[in-house]
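For the numbers below, each heavy atom of this structure counts, side chains included, while hydrogens, waters and symmetry mates do not. If you're wondering where the values come from, they're calculated on a predicted model, not measured in any experiment.
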Amino acid sequence: MSTKPVKWGILGCGGISSKFANDLKLAEGAELTAVAARSLDKAQAFAEKHGFERAYGSYEEFFNDADVEIVYVGTIHPLHKEQVLACLEAGKAVLCEKPFTMNAAEAEEIVRAGRDKGLFVMEAMWTRFLPPIVQVREWLEQGLIGEVQLLKADFGFDAGWNPGGRLLNKEIGGGALLDAGIYPVSFASFVFGEQPSAIHSSAVIGETGVDEKFSALFEYEGGRTAVLNGAVRLQLTNEACLYGTKGYIHIPSFLFGKSASLHVRGEEPVHFQDDRTYSGYKHEAEAAMEALRSGRTESEVMPLDETISIMGTMDRMRKQWGLTYPADNQ
């Protein structure tokens, strides 16, 4: 595998960007080139902490930095479309934090732009690249548990009552589905390889107008189903179970993916353990770099058409709840 250096930029200097930067230092061949934030002081502090060469307090200056080859976009959800398009216009590849956009229409606009310019673009669904999830994919491809008939997956946490914070602020894309629920929704797409033919879902819309928790039943052809839950004001077990015709797979804490176990009827369980000491974002970064080195413009693990389809599934869920964002009206 080539380790040709790749020059990285990071847009947005919040918590998720800090986690990504910590792991990016571990990715072989990654050069930490530039960061940008709305505040130069914040950008400089981030650059100093993580070892980036340059810091910008202006996004425009950042976009004009010809050295940056690929940008990790870690800003708030509603800014993703505008900023990814600006990166592409500047000739830069993009790894955009989830949710890729606010809705499917925005995702389609980005994908068209990326394809028109022949530039690599990928949604940063980091969990798909974690070693235990890669192992689960192999078990599924080998048919070891037969055909998956039922998936159960949850991700939820109690962020407390903070109506001015990002998670409960409708204007900046708050809510359980886009922040937490996207993980089980995307995981269902990963497991079944398609979007549901029918969706039955409900959500609790809180005082600030966002979904604080939701539950969903996805139906697929052949009687296959997925039962999914997400929350930002309720702690869930955050595990996944895949039940097949020959056995099941259990993934405790599936979002963070440090272990998985295979249970085939009549056989001894097989346990996969990942003893990594880092978060795991480096795997998606390495996948993006390998794509760049190979001249590919999208990921086989997180394809752009699937990203659009997942956004469309979440649009369908929000329609059932009567939940819209400002971006839906543009």
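In this structure, N238 contributes its side chain and G156 its backbone to a donor-acceptor pair below 3.5 Å. The backbone N or O of G280 sits less than 3.5 Å from a side-chain atom of D23, completing a donor-acceptor pair. The main-chain N or O of K258 is never found under 3.5 Å from a side-chain atom of D274 such that the two would form a donor-acceptor pair. Distance alone, capped at 3.5 Å, is enough to place a donor-acceptor pair between the Y325 side chain and the G174 backbone. Of the possible donor and acceptor atoms, none in the side chain of R224 sits under 3.5 Å from a partner among the backbone N and O of L151. Side chain of T101 to backbone of A107: a donor-acceptor contact under 3.5 angstrom is found. Judged by distance alone, the side chain of K170 and the main-chain N or O of T324 form a donor-acceptor pair under 3.5 Å. Proximity of a side-chain donor or acceptor of K98 to a complementary backbone N or O of D179 within less than 3.5 Å is detected. No donor-acceptor pair closer than 3.5 Å links the side chain of T208 to the backbone N or O of P163.
Between F218 and Y220, the ring-plane angle classifies as perpendicular under the 30° and 60° cut-offs. Using bins of under 30°, 30° to 60° and over 60° for the plane-to-plane angle, the ring pair F190/F187 lands in the parallel bin.
Under the 3.5 Å distance criterion, with hydrogens and angles disregarded, no donor-acceptor pair is assigned to the side chains of T33 and D67. Side chain to side chain, S309 and Q195 fail the donor-acceptor criterion of an N or O pair below 3.5 Å. No hydrogens or angles considered: a donor-acceptor pair under 3.5 Å links the side chains of W321 and S201. Of the N and O atoms on the side chains of H263 and Y243, not one donor lies less than 3.5 Å from an acceptor on the other residue. Q83 and T75 are linked by a side-chain donor-acceptor pair at a separation below 3.5 angstrom, with hydrogens and angles left out of the test. With 3.5 Å as the limit, one finds a donor-acceptor pair spanning the side chains of D328 and N103. In this structure, a donor-acceptor pair under 3.5 Å is absent between the side chains of R128 and S299. Between the side chains of S18 and H50, at least one donor N or O sits under 3.5 Å from an acceptor N or O. Looking at D65 and Y56, their side chains do bring a donor and an acceptor atom within 3.5 Å of each other. Between the side chains of S189 and E194, no donor-acceptor pair is found at a separation under 3.5 Å.
The shortest heavy-atom contact between K213 and A231 is CB-CB, 3.7 Å. Nearest approach of P99 to H80, heavy atoms of both residues: O-ND1, 2.8 Å. Considering every non-hydrogen atom in both P252 and S259, the closest pair reads CG-OG, 3.4 Å. The two atoms that bring A176 and E212 nearest to each other are CB-O, 3.7 Å, heavy atoms only. Taking all atoms of both residues into account, the shortest heavy-atom contact from M317 to I199 is CG-CG2, 3.9 Å. The shortest heavy-atom contact between C13 and A36 is SG-O, 3.7 Å.
Other members of the hydrophobic cluster containing L79, listed by chain and number, are I76, I172; membership follows side-chain contacts under 4.5 Å among ILVMFWY residues, whether direct or relayed.
Counting heavy atoms from C-beta outward, H77 and E97 have side chains that stay 4.5 Å or more apart. Under the 4.5 Å side-chain criterion, counting only non-hydrogen atoms from C-beta, N169 is not in contact with L167.
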| side chain to side chain contact (heavy atoms under 4.5 Å, CB included) assessment of K282 paired with L24 | CA-CA 5 Å; K282 94 177 187 83; L24 190 59; over 6 Å; no
| request: For the pair E109 and K81, evaluate salt bridge (charged side-chain N to carboxylate O under 4.0 Å, His left out) and give the outcome as yes or no after the intermediate values. | output: CA-CA 8 Å; E109 189 174 345; K81 187 192 85 165; 3.3 Å; yes
| task | Kindly determine whether Y281 and Y72 satisfy side chain to side chain contact (heavy atoms under 4.5 Å, CB included), including the steps that lead there. | result | CA-CA 11 Å; Y281 297 95; Y72 170 80; 5.5 Å; no
| message | Quick one, E31 with K7, criterion salt bridge (charged side-chain N to carboxylate O under 4.0 Å, His left out). Give me CA distance, side-chain angles, the key distance, then yes/no. | response | CA-CA 5 Å; E31 292 191 4; K7 296 181 183 296; 2.7 Å; yes
| task | Report the C-alpha distance between R115 and E298 in whole Å, list the side-chain angles of each, state the deciding distance to 0.1 Å, and finish with yes or no for salt bridge (charged side-chain N to carboxylate O under 4.0 Å, His left out). | result | CA-CA 9 Å; R115 287 173 174 167; E298 64 181 282; 3.2 Å; yes
| message | Before you tell me yes or no, could you show the steps for L242 and I251 under side chain to side chain contact (heavy atoms under 4.5 Å, CB included), namely the whole-Å CA-CA distance, both residues' side-chain angles and the distance that decides it to 0.1 Å? | response | CA-CA 9 Å; L242 293 69; I251 313 169; 4.2 Å; yes
| query | Step by step, would you call D154 with L228 a side chain to side chain contact (heavy atoms under 4.5 Å, CB included)? | reply | CA-CA 6 Å; D154 302 333; L228 313 174; 5.7 Å; no
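Between E89 and K117 there is a salt bridge, since at least one side-chain N of the basic residue sits less than 4.0 Å from a carboxylate O of the acidic one.
No continuous path of ILVMFWY side-chain contacts below 4.5 Å connects L40 to F46, so the two sit in separate hydrophobic clusters.
Ring to ring, F157 and F155 are close: their centroids are under 6.0 angstrom apart.
Looking at residues two or more places apart in sequence or on another chain, you find a side-chain contact (heavy atoms from CB on, under 4.5 Å) between S39 and D41, K42.
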